[in-house]
Structures are given as structure tokens and as C-alpha cells.
Participant: 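Would you mind keeping the following structure in view while I ask a few things?
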Amino acid sequence: MIGDTFGLIYTGESNMELRDLTHSRSVAAVPFGGRYRCIDFLLSCMVNSGIINVGVIAQKNYHSLMDHLGSGKEWDLNRKRDGLFILPPFMTRENTGIYKGTVDALRSCMGYIRRSPQRYILLTGSHVIYNTTYNKMAEQHITTGADITIMYSRNSAAEPDGQYDDLRLTLDETGRVTDLALNPYRPKSDAQSCDAFLMEKTLLEYLLEESVSHANYDFTRDILLKKTETLRMFGWEYKGYVARINSLESYFKHNMALLNRSVSEDLFNPEHPIYTKVKDEVPAYYAKGAAVSNSFVADGCIIEGEVENSVLFRGVRVAKGASVKNSILMQAAEVQEQCALDHVVLDKSVIIKRGRSLKGYDNFPIILRKGTVL
Amino acid sequence: MRKKLVVAMLLAGGQGSRLGILTDKTAKPAVPFGGKYRIIDFPLSNCANSDIDTVGVLTQYEPLALNAYIGNGHAWDLDRNHGGVYVLPPYVKGKKGEWYSGTANAVYQNQEFADQYSPSHILILSGDHIYKMDYSKMLKFHIEKDADATIAVFKVPLEQANRFGIMKTDDEGRITEFEEKPANPKSDLASMGIYIFKWPLLKGCLGEDAKDPLSSGDFGRDIIPKLLRAGERVFAYRFAGYWRDVGTVTSLWEANMDLLGQPPVFNLYDKEWRIYSRSAALPPHYASASAKISDSVISEGSVIEGSVDHSVIFTGVHIGKGAVVTDSVVMQGARIKDGAVVRKSIIGERALIGEECIIGASPPESADGGSLTGGITIVGNDVAVQKGSCLPSGTAADQKTAAALCGRGVDLK
């Protein structure tokens, strides 16, 4: 049945907690794990499940996203039948190009939704990272006779500070959702939504029209929360690793978690590989005197200094005598001689000049915006 | 069909017997190189970067790996509407089909491919060289000189000149003499096996050559001398960059080692001239807390827990705790278990080196650098070397010989 499903990824989330990470890009395009963008995980999960029709709703700062996705070739989504559809905002008689909310955004791509020949739709956001296939979720959707199946994972931690789109599910013994709570101050349930919803396309069409005609524009607030009684919603539990990129701190935490082998083996399970844009970088080079330990290093890096507990994206340079600890260095970042970095996130192409030091903390990593020269 | 200025023909049929067990099941151009590449990536990337968009790849030995690797040419940006990359195996013509008897014969048998594009010139490339070269500059030279044929040459030390085809030129660069592997070389300009010909002229020449029963159908041995004897305008185009023929185990190992050092002898970190390859979807590599890596190239998907010095590690390799790898090339998917020692070796794709093995143990007095592999130890593709085994330097371990040598038996993983 998953073969009769199309995917729709909403990338318009705006979350101030991500600070400079989303200064020039949407969450979907935030670099993660050394060579990926957040959206790579969702796209790969869908493709690895057998979904061949995926729409990506772009909204804000989507240049970076479009550049990354291209024709969808890397995900095997450049197809004659179906494939990848990028759906940017546009202005029409009834549409200003600025969405009032998720419902509005979804409604603006109604044409795409209607035209898609598949019976089911898998609707997702773009800030939750995991690596699975949706086949079991789809099976459960059928056996439970659910109207909507919500993917969730167990997460007892409440993060009142970094809370973003924290949807908690209360389930009865059959797995049916009896209550939904959005951003509760003290969550009553540890079942937290993974921002993936499976339903029949016609149901979504109906819900969207109904919602808009009542001037309601938020999918979670105005549809899901209000309909726990009238709609048969079921939860599908995902037991693997889930990284919710809802704040800079969580971004930092989940990148660092990749240094734990069990996490990286879960997220990069060779059974369902994560695809991304190919950059044809040369393999990494470690010079004489380089000292690298417990780190994730992508192609194209040249390392002469010391690197510890860090994630290095493609084409990063760490010069002699420099020390990089507990840090995330994005593509083409450069750390010159005698620098010392600790708990720092360098966005793309940041240059740290000779001898400079920066030190952040676990719960307060320092971030340098794309292209900064320090 | 629209006319092309130039079409490239890449000779990729070589068996590469001097690479021994490394080419047991793959053609030489498909042999892995430099962490994530295969040899053929170099000429193909050079073509793409030189704006040559039509390439015929002539194969005949174990073409499967090569076919699968090239695919539609997307990885090299050679999936084009008009042109692109084509794999050309020998085929039956009329009532008889025949294998390619030599390099020139291979092109002769595929002249219809080139004719589709009615090119003015044809570029002949070899699938076993490692280099970065802008063919468009050579083509410009060829056109400016109004040459019938242009041969790319590079300077070699005079004492090594007897291993190459050696050219003598006049002041203008026109070749006056050509000798294949001369005992007493008169010049230090060696042929790189890269040629540009005027296509109509070459076609005629190939047709005549095919009728000559004494000809071996080879560019260097037959075609070039014939053109010179006929007094055609044959020019030498000087190339000054890095160029290596990786036809032997030693040269393959050396060329890999040339990627190391700062700056490396052969520098691939050039954004203007990228070498493309078909990439597997692999995460970045992981160096664990116990890893010690120095002067080495490490590729994506690898996990390094041991120590690596002066080596080239390919994609998806696993090097266990306490393992020591020095002066070696470890190809994709190979696993080196805890405590194993690998010295001056080439470890084939997906090979398994068991715990506490010693690969490249000091050679016995008799086995010196003069052995077939020049003192380099080779473990073939998919060979599993059992725990605790010891392979002396200079041995080549395929499924059978590894068993005999280490006395503990080997089997497929």
C-alpha cells in the first residue's frame, strides 16, 4: 500500500530557536551529519519505502533548498512518471504568496495533490530526522482502519525552552489517540509526534477545504487538536533514533550523538542508505602530525591540527597547531594556525583567522553565521 | 546529425595482466585508485572538463564492471542529448566478428560510431593513465599547426627513455623520428599514448592497416610510423604535469602514494579540475577515540579504530583496534581486523584480513624487490586471510595461493 502513497514535505517551519542556522535557509536545508541536509533523511526514507512521488512545499529562503534538490536525481526522483515536485509559493487572485499557516500552504498546492494518482498521502514537516521505512506504518494504518496515523517516538524529556511543534499523543490500549497536546508545559505523555501523518488523500482535501472555509489555517492546531474525537487517529511508534532539530542546542546535541556508534549505525543503516547531493570531493587527507579522535570527517577535508569529538563537513581545513574540540564545522569552514575552538558551530565558509579562540558550552554552543570571518 | 569538432575514443580493453590478481575479474580501467576513484575516472573527467562531450569507450576484457560503472555517464556529466559516453564492445559484422587485435584495430572496428558525428578530429585516449590534462589545449595546438596527427609527449630522464616510445622533433615541434622503446634513445620526449588525428585521414590509414597482415593494429607500433613514412605532418604536444602509467603493481602503488605528502606530488584538491566518479551513498568516515592517522587519505564510509600511516584508505573500509596499516592501499569494503599489521601492501576490494595477521612480513633473503610485485604484497578481491596468518612481502594472495602460503587456509568471506 505504501506504493500507493505520495509524500508531501512541508519546509516552511519558522523557528527562531535555530538562530543563525536558519538565517539564510529553511530548516529542511540545514546541514546535518557531515554531508547531509535535514531533508535528505525524509526524502531517503520515502524513496527507500518505495514512494516515487514526492512534493516539497517551499516557503521561505528556499534557494538553498532548490539548489540542493535539483532535479531529484540523487534520490532517484527524476522520473517521467511522478518524481520530485518542488512547490514554491506563488501569487494568484486568492493567494498572496505568503501563507497564513500550514493549511494555507497545503491548499496552495491543491493542484499537485489532486493530480497525484496515489490514494494515500504521507504528510511530513522537515525538522525531524530519522532513518526508517514507512511500510510498517502503512500496514498498521490499514489494519487499524485509521483515518490518520501519526508517527511518534517515546521521549520523556520535556524541553520547555527549546519547545517547538512538540505534539504529544495520549493513546488508549488499542493505540488510538484519545488526546493531543501541543507544546504542553508539563507533557503528560512521553509519546511525541515525529511530524509524519498518513491518511487518504481525499480526507486531507476535505479537511483542508473545511478548515479554510472556517478561517482556520493551522494543520495541527485547527485540524488535529480539534478532531481527536471525530477522527480515528492512531499512533505508530518508531523505536529508532529520532533527532528533532528544534533549537541550536538540539542541533548541536544530535550532531554530537553521531559520534556514538550505535546512533550513527542507526541513522546510516546501509540497508536504507541516505542519499544526498554529490559534490565530487576528494577523500579527506590527514597530514603528518594530525591528531583526530572520535570524530566524523567528510570528504575534501585537509587536517593538519588536532580534532576531537567533532563533526567535520566537506572541504573543511584545520591548520597546524589548531585545536578543534566538541565542534561542528560546516562545508568549507577554515580554521587557521594556532586557533582553539570548543563547543562551536561554524556555518558554511566561515574562516577563523590565525590564533583566534572561541569557547561555548554544552547548553550554549557558539554559532558563527555563514561566511563570517573572525 | 550535427557535426562535432572532436570525438574521443578511450581504449579500455586492456586486460592489465601485469597487475596480476588485481585484474582477475576486472578490466584495468576499472581498477580502484586514490580512495574513491577508478582509473577510468581520470580520462573521463578530463574529457568532461575539456568540454569533450562525446566519448566511445572501447572494451573487450571483463567489461561487466566497467559497463555497470559507466552507466549512462551521469557521474561525469556525460549523459548528453547529442553525444555522451558509449561503451563499445566488439560485435559481429556481416558474417564474421572478431576481437580487437590492437588499439588501432579497435578504433577501426568502431569507425561507424565516430562517423555518426562526422568529427573533424579524433582524440585517442588510454584507460590506464593517471593524470589531469586539458585536451582542449592540445586540440588547439593540433589545429593551429594544421597537424595530421599530434602526439602528447612528456620529458623523461634519458636513462628511462628506453621504456617508452621516443620522439625526435624539429624546432617547430614536428616529429622527425619515432622509435618504440629504443636501446639508444636520441631524445627524451616520450609518448603518453594520447593522440589527436584528423579523422578522415586516420580513417583511410586504419583501412589500409587492417588489410596489412603484418600489422599488429597498434597506434604506436604501426600507425604513427606509417604516417611518418608517408611524410604527413605529425607534431609533438608537450605536457608538463603529472602523468603515470599504472600498468604494473609497483606503478599503481607508487601513484597512490603520490597523493600523500604536502603538497602531494599529484594534487587532486583543485576545484577547477575536479575528478568525478560514481559515488556510493555513504556517510562521512569515523575516526574513533583510539584512531591514529597520519599522512593518509581516508574516504567516506570508513571506520578507523587502529593506526594508519602513509596509506590510502578507500570507501567503506574498517580498520580494527590495534591494527597498524603503513605504506598501503586498502580498497573499498576491505576489513582489517583488530591487531592485524599491514605493511606496503595493496588490499583488494572486500578482502578480509583476520585478527593478528601480518601482511607484508619482512621478506626472506631470497625474495627481494625484484619479485613480480616489487616487494609489494597483494591480497586479491574478496580474499579472506584467516586469523593469525602471515604473508611474506611480495606475495600475491588470491583464494588459492593465500591458502598455501599461510598454511591456515583461506576461503571466501
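Computed from a predicted structure; not experimentally measured. Order of the sequence lines sets the chain letters (A, B, ...), proteins ahead of strands, with each chain counted from 1.
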Participant: Kindly indicate whether the side chain of B:Gln262, heavy atoms from C-beta on, has any atom under 4.5 Å from the side chain of A:Lys288.
Facilitator: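 No. Closest side-chain heavy atoms not under 4.5 Å.
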
Participant: Could you have a look at B:Ser277, B:Ala75, B:Pro283 and say which one has the most heavy-atom pairs with chain A under 4.5 angstrom?
Facilitator: B:Pro283

Participant: So do the side chains of B:Glu300 and A:Arg35 get within less than 4.5 Å of each other, counting heavy atoms only?
Facilitator: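 Yes, at least one pair of side-chain atoms sits under 4.5 Å.
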
Participant: Does A:Asp280 come within less than 4.0 Å of B:Arg274, counting only side-chain N to carboxylate O?
Facilitator: no

Participant: Let's go through B:His285 and A:Phe268 carefully: what are the C-alpha distance in whole Å and the side-chain angles of both, what is the deciding distance for ring-ring contact (aromatic ring centres under 6.0 Å, His included) to 0.1 Å, and is it a yes or a no?
Facilitator: CA-CA 11 Å; B:His285 72 261; A:Phe268 302 116; over 10 Å; no

Participant: Test B:Leu260 against A:Tyr285 for side-chain contact (heavy atoms from CB on, under 4.5 Å), laying out the working first.
Facilitator: CA-CA 8 Å; B:Leu260 308 175; A:Tyr285 177 68; 3.9 Å; yes

Participant: Taking side chain as C-beta onward, heavy atoms only, is A:Asn294 less than 4.5 Å from B:Tyr286?
Facilitator: yes

Participant: Which atoms of B:Lys292 are under 4.5 Å from chain A, going by heavy atoms: the side chain, the backbone, both sets, or neither?
Facilitator: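 For B:Lys292, no heavy atom lies under 4.5 Å from chain A.
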
Participant: What part of B:Val303 lies closer than 4.5 angstrom to a heavy atom of chain A: side chain, backbone, both or neither?
Facilitator: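 Answer is side chain: those atoms of B:Val303 sit under 4.5 Å from chain A.
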
Participant: So do the side chains of B:Tyr269 and A:Ile302 get within less than 4.5 Å of each other, counting heavy atoms only?
Facilitator: yes

Participant: With only heavy atoms counted, which part of A:Lys277 is less than 4.5 Å from chain B, the side chain, the backbone, both or neither?
Facilitator: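 Nothing of A:Lys277, per the 4.5 Å heavy-atom cut-off to chain B.
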
Participant: Need one label for B:Ser288: side chain, backbone, both or neither, based on atoms under 4.5 Å from any heavy atom in chain A.
Facilitator: backbone

Participant: Can you tell which part of B:His74 gets under 4.5 Å to a heavy atom of chain A, answering side chain, backbone, both or neither?
Facilitator: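 Side chain of B:His74 only, per the 4.5 Å heavy-atom cut-off to chain A.
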
Participant: Determine whether A:Val278 and B:Ser279 make a side-chain contact, defined as any pair of heavy atoms from C-beta on separated by less than 4.5 Å.
Facilitator: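 When only atoms from C-beta onward are counted, B:Ser279 and A:Val278 do touch, with a gap below 4.5 Å.
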
Participant: Heavy atoms only, distances under 4.5 angstrom: which of B:Ala287, B:Gly35, B:Ala289, B:Ser299 has the most pairs with chain A? Name it, please.
Facilitator: B:Ala287

Participant: Got B:Phe314 and A:Pro283 here, is their nearest side-chain heavy-atom distance under 4.5 Å?
Facilitator: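 No; the side chains remain at least 4.5 Å from each other.
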
Participant: Is any side-chain heavy atom of A:Tyr286 less than 4.5 Å from a side-chain heavy atom of B:Ser294?
Facilitator: no

